[in-house]
Each structure stands twice: as C-alpha cells, then as structure tokens.
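The figures that follow rest on heavy atoms only: side chains count, while hydrogens, waters and symmetry mates do not. In what follows, chains are A, B, ... by sequence order, proteins preceding strands, each numbered from 1. All figures in this text were calculated on a predicted structure; none of them were measured in a lab.
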Amino acid sequence: MACSETTGWPGLDIVELRQLLLSWYQKHHRDLPWRNQRNPYYIWVSEVMLQQTQVATVIPYFHRWLERFPTIDDLAQAELQPVLKAWEGLGYYARARNLHKAAKLIIKNYNGFFPNSLAEVLSLPGIGRTTAGGILSAAFNQPVSILDGNVKRVLSRLIALSVPPSQALPQLWALSDHILDPDNPRDFNQALMDLGATVCTRANPKCDQCPWQGYCQAYNKGIQSRLPMREESTPIPHKRIGVAVIYNHQEEILIDRRPTDKLLGGLWEFPGGKIEADETVSDCIKREILEELAIEIEVGEHIITVDHAYTHFRVSLFVHACRYLGGEPQPIGCEEIRWVKLDELDQFPFPKANIKIIEALKERHKKT
DNA sequence: GATGCGTGGAA
DNA sequence: TTTCCAAGCAT
C-alpha cells in the first residue's frame with residue numbers, strides 16, 4: 001500500500017518517491033570527504049561541524065580536526081584549549097566543548113566504541129535528533145530519520161506546507177519518518193540532504209532537475225520560490241563596545257579567558273565592555289577595566305574599529321591601545337588572565353572579531 | 001517552548 | 001548595506 005489516505009499525505013506514492021530520489025542520488029550525489037568511509041567517529045565529527053554550518057566551510061576544518069585528533073581516544077585525552085583552538089573560527093563553540101565531553105564519556109561508558117543505539121547516541125552531549133539520525137543512518141545504515149534545514153525545505157515544498165516549518169515540526173518529522181526508505185536509510189537520508197543543498201535550494205530552486213517535480217505540490221502550484229514560509233524575525237540590537245589592548249612595561253599584552261558555557265565560552269579575548277549612553281569610549285574602557293580587572297590604565301590611541309554580526313545582535317568594537325599603570329589584575333568577570341607577547345597570541349583560541357584585532361596589532365607592530 | 005549560541009555565503 | 005539562514009542543540 002504505497003499510497004494511503006490514512007497517512008495524512010494523500011497522493012504521495014512513497015515507493016515511487018524513494019526510487020526516484022535514490023536513482024537521482026546515484027547520478028548526482030556530492031563527493032564529500034566523510035562519505036568515503038563509515039567510521040562513526042569521522043561521521044560524528046562531520047555531523048556536529050555541519051550543524052548550522054555550510055559544507056564548504058566545514059571541509060577544511062574536518063581534515064585538520066582528524067589530523068589533530070585521529071581517534072576518539074586522542075580527543076578524549078586532549079585538553080580543552082587545543083580542542084577549542086582546532087575549532088577556532090567555526091563558531092558555536094559549545095559544539096567543540098560537547099564533542100570533547102562526549103569523547104570522554106565514550107571512553108568511560110562504551111570502552112571507546114561509538115554507541116549504535118538511538119537512546120545511547122541521543123544521550124551524548126551535543127547530539128540531538130537530527131544529528132543522531134545522521135550518524136546512525138550514515139555509519140550503521142539504521143532507519144532513523146532526520147529533519148535538518150534541507151529536509152525541512154524539501155518536505156515543506158513537497159506538501160506545500162502553509163505555515164513556517166517551526167510551526168509544523170511534528171508533521172514534518174512524521175513525514176520524514178514516513179518516506180525514509182527502510183531498505184536504504186543511509187543513501188536515502190544523504191540523498192534528501194543533497195537534493196535540498198543542490199536542487200531544492202532556498203533561492204532559485206532548479207525544479208527542472210528535480211526527481212520529485214511531478215509530486216511537488218509547491219511546484220504544481222507555482223509557489224516553490226515562496227516556500228517554505230518565512231519564520232518571524234525580530235530586529236537585532238546594535239551594541240558599542242570599548243576594548244582595551246593593555247601593554248605593561250615589558251610590552252606584554254593582557255588577555256582574559258571568557259567564562260565557559262556562555263557566549264564564546266572558553267575562548268580568549270581583549271577585555272572591555274559596553275559603552276553606556278553619554279559615555280566616551282575612553283571613559284568606558286577605563287571604567288570596564290577597573291570593574292572587571294581592578295587595575296588602573298591610561299587609554300591611548302585608537303587602533304581599529306571592528307564591526308561584527310552575531311545571531312542575535314551586532315557589535316562595533318572600538319579598540320584602543322592602553323598603558324598599564326597599577327594594581328594586581330583580578331579575574332572578576334572572567335576565568336583567567338595572562339600577560340602574553342604579541343607572537344604568543346596565536347597559541348590561544350580567539351573569536352573571529354578578536355582575530356581582526358590581532359591582525360591589526362601585527363600590522364601596527366611592523367610600522368613601529 | 002522560547003531563547004541563546006558564531007560565522008560566512010548569497011541575494 | 002541589510003537580511004536571511006545554513007547538515008541544530010541545550011536549557
């Protein structure tokens with residue numbers, strides 16, 4: 001019974017849909033580095049890196065990561081700092097912290113072997129339903145469905161979903177479950193994501209190349225470019241931040257490590273804080289450094305202004321060179337403080353906005 | 001169940 | 001330039 005009124009998707013011949021998609025995949029699949037093998041560790045790393053991150057961005061990180069941490073045991077034995085350094089620039093740093101944490105758990109609870117049951121995989125930090133399905137289907141060919149951004153878009157168009165995907169998650173999960181080919185779960189899930197990434201794209205979908213064109217309700221209604229429906233978005237605030245590059249008498253620079261489990265947790269930064277209304281940049285920097293580190297400084301020349309966009313706000317960092325005057329630095333708003341030479345900054349993991357500051361410091365150092 | 005969590009590409 | 005949103009998860 002391929003087509004059933006009782007499934008809630010009348011007119012969907014799922015046997016035909018599976019066949020069409022798998023045939024398309026045989027010819028048009030992407031050749032991706034984590035697809036050449038079935039090592040659960042490799043696939044796990046790729047799945048986590050791919051969370052909210054595009055394939056092209058992930059590929060170089062994936063290769064460097066496996067060179068640096070070839071096995072689960074290597075990862076579990078490593079300190080957190082080199083783990084964050086390997087993740088530097090990739091964003092959502094909790095992913096790296098959770099990967100590290102989960103590696104230790106796998107050594108402890110599973111004798112170093114990546115678990116192969118859904119409940120066990122889901123229990124690992126940083127692995128949710130989609131990532132678990134991705135790993136179990138790709139590594140073990142288990143029939144566990146997925147619902148990532150690609151699948152949401154493909155399925156929303158297939159059934160011409162009239163609300164944003166976030167308002168129909170149970171229905172979309174049920175559909176992903178329903179159409180998953182129990183005989184070829186590995187290829188089917190990969191094919192669904194490839195279709196979304198290369199054919200059923202957000203803008204300008206290539207419907208003339210789509211194996212599901214004849215079944216796609218959005219295409220048949222001519223509304224494929226307007227689906228899926230947009231999520232509601234709220235305007236994001238813009239913060240102005242004063243940042244201090246503080247030099248001591250040995251020309252060392254003060255950096256601090258951010259609290260774990262918060263924004264950019266565990267990464268290093270140049271200290272500073274929000275510029276209040278009616279406050280000058282210099283006044284802000286002096287105040288923040290006194291509040292956060294309990295030291296006196298003299299605010300000097302402007303080095304660079306860095307604009308950076310995060311998911312929920314934008315910032316402008318007004319960076320000034322500063323001179324250390326006195327007081328013993330206290331880690332009041334951070335985990336740790338260090339004085340380091342300019343050449344040593346590369347050894348610490350920094351967020352992207354701070355990398356731009358480091359580059360500016362190196363340029364400045366060349367000139368003087 | 002809403003919100004916090006990075007960065008980069010595309011339009 | 002701005003906006004959207006990518007192989008989502010945790011709390």
Distance, rounded to the nearest Å, where A/Leu172 contributes CG and C/dG8 contributes P: 14 Å
Is the number of heavy atoms from other residues, nucleotides or ligands under 6.0 Å of A/His365 NE2 greater than 12? no
Roughly, in whole Å, what's the span from CG in A/Asp261 to P in C/dC9? 18 Å
Selection residues 82-103 of chain A - residue pairs positive for salt bridge (Lys or Arg N to Asp or Glu O under 4.0 Å), sequence neighbours left out: A/Lys85-A/Glu88, A/Arg97-A/Asp261
Between C1' of B/dG9 and CG of A/Asn204, the distance in whole Å: 14 Å
Just the rounded figure in Å: distance from C1' of C/dG8 to CH2 of A/Trp173. 10 Å
Out of B/dT7, B/dG4, C/dC9, whichever nucleotide has its closest atom nearest the side chain of A/Thr130: C/dC9
Please list, by residue number, the residues of residues 132-158 of chain A whose heavy atoms come closer than 4.0 Å to an atom of DNA chain B; answer none if no residue qualifies. none
Taking any heavy-atom pair under 4.0 Å as a contact, classify A/Trp34: base, sugar-phosphate, or nothing. base
Checking contacts here: which listed nucleotide (B/dG6, C/dC9, B/dT7) is nearest the side-chain heavy atoms of A/Thr131? C/dC9
From CG of A/Leu90 over to P of B/dG9, roughly how many Å is that when rounded to an integer? 12 Å
A/Lys352 side chain N/O closer than 4.0 Å to the phosphate oxygens (OP1, OP2) of B/dG8? yes
A quick test of your reading: do over 12 heavy atoms of other residues, nucleotides or ligands sit less than 6.0 Å from CZ of A/Phe113? no
Is there side-chain contact between A/Ile285 and A/Phe318, with heavy atoms separated by less than 4.5 Å? no
Using the closest heavy atom to pick a nucleotide of DNA chain B for each, name whichever of A/Ala203 or A/Arg95 lands nearer the 5' end. A/Arg95
To the side chain of A/Gln54, which of B/dA11, B/dG6, B/dG9 is closest? B/dG9
How close or far is atom C1' of C/dA6 from atom CE of A/Met49, stated in whole angstroms? 16 Å
Any side-chain N or O of A/His312 under 4.0 Å from OP1/OP2 of B/dT3? no
Hey, which of these two, A/Tyr92 or A/Arg230, hits DNA chain C nearer its 5' end, going by closest nucleotide? A/Arg230
Check whether any side-chain N or O of A/Thr57 sits under 3.5 Å from a backbone N or O of A/Val55 as a donor-acceptor pair, and report yes or no. no
Under 4.0 angstrom, heavy atoms only, what part of the nucleic acid is A/Gly265 near: base, sugar-phosphate, or nothing? nothing
Which is true for A/Leu32 with a 4.0 Å heavy-atom rule: it touches a base, it touches only sugar-phosphate, or it touches nothing? base
Under 4.0 Å between a side-chain N/O of A/Gln52 and OP1 or OP2 of C/dG8, yes or no? yes
A/Leu264 has a side chain; which of C/dC9, B/dG4, B/dT7 sits nearest to it? B/dT7
Looking for any heavy atom pair under 4.0 Å, which part of the strands does A/Ala309 touch: base, sugar-phosphate only, or nothing? base
Which nucleotide in the list C/dC9, C/dC4, B/dG6 gets nearest to the side chain of A/Arg202? C/dC4
Whole angstrom value for the distance that separates P of B/dG4 from CZ of A/Arg258: 15 Å
A/Tyr93 has its side chain closest, among B/dT7, C/dG8, B/dC5, to B/dT7
Let me check something: any side-chain donor-acceptor pairs from residues 183-210 of chain A under 3.5 Å, sequence neighbours excluded? List them with distances.
from: A/Asn184; atom 1: ND2; to: A/Asp181; atom 2: OD2; distance (Å): 3.3
from: A/Arg186; atom 1: NE; to: A/Ala138; atom 2: O; distance (Å): 2.9
from: A/Asn189; atom 1: ND2; to: A/Ser137; atom 2: OG; distance (Å): 3.1
from: A/Asn189; atom 1: ND2; to: A/Val144; atom 2: O; distance (Å): 2.9
from: A/Gln190; atom 1: OE1; to: A/Arg35; atom 2: NE; distance (Å): 3.0
from: A/Gln190; atom 1: OE1; to: A/Arg35; atom 2: NH2; distance (Å): 2.9
from: A/Asp194; atom 1: OD1; to: A/Arg30; atom 2: NE; distance (Å): 3.0
from: A/Asp194; atom 1: OD1; to: A/Arg30; atom 2: NH2; distance (Å): 2.8
from: A/Asp194; atom 1: OD1; to: A/Arg35; atom 2: NH2; distance (Å): 2.7
from: A/Asp194; atom 1: OD2; to: A/Arg30; atom 2: N; distance (Å): 2.9
from: A/Asp194; atom 1: OD2; to: A/Arg35; atom 2: NH1; distance (Å): 3.0
from: A/Thr198; atom 1: OG1; to: A/Asp194; atom 2: O; distance (Å): 2.8
from: A/Thr201; atom 1: OG1; to: A/Ala203; atom 2: O; distance (Å): 3.0

What nucleotide, of B/dG6, B/dA11, C/dC9, holds the atom closest to the side chain of A/Tyr310? B/dG6
Inspect the contact between A/Glu298 and A/Arg323 and indicate whether a charged nitrogen and a carboxylate oxygen are less than 4.0 angstrom apart. no
Under 4.0 Å between a Lys/Arg side-chain N and an Asp/Glu carboxylate O for A/Lys362 and A/Glu359? no
Could you tell me whether A/Ser233 contacts a base, only the sugar-phosphate backbone, or nothing, with contacts defined as non-hydrogen atoms closer than 4.0 Å? sugar-phosphate
Integer-rounded Å distance: B/dT3 P and A/Glu232 CD: 11 Å
Which part of the nucleic acid, if any, lies within reach of A/Thr53 when heavy atoms closer than 4.0 Å are counted: base, sugar-phosphate only, or nothing? base
Test A/Trp44 against every option in A/Trp34, A/Phe114, A/Phe140 by the ring-ring contact (aromatic ring centres under 6.0 Å, His included) rule and name the one that passes. A/Phe114
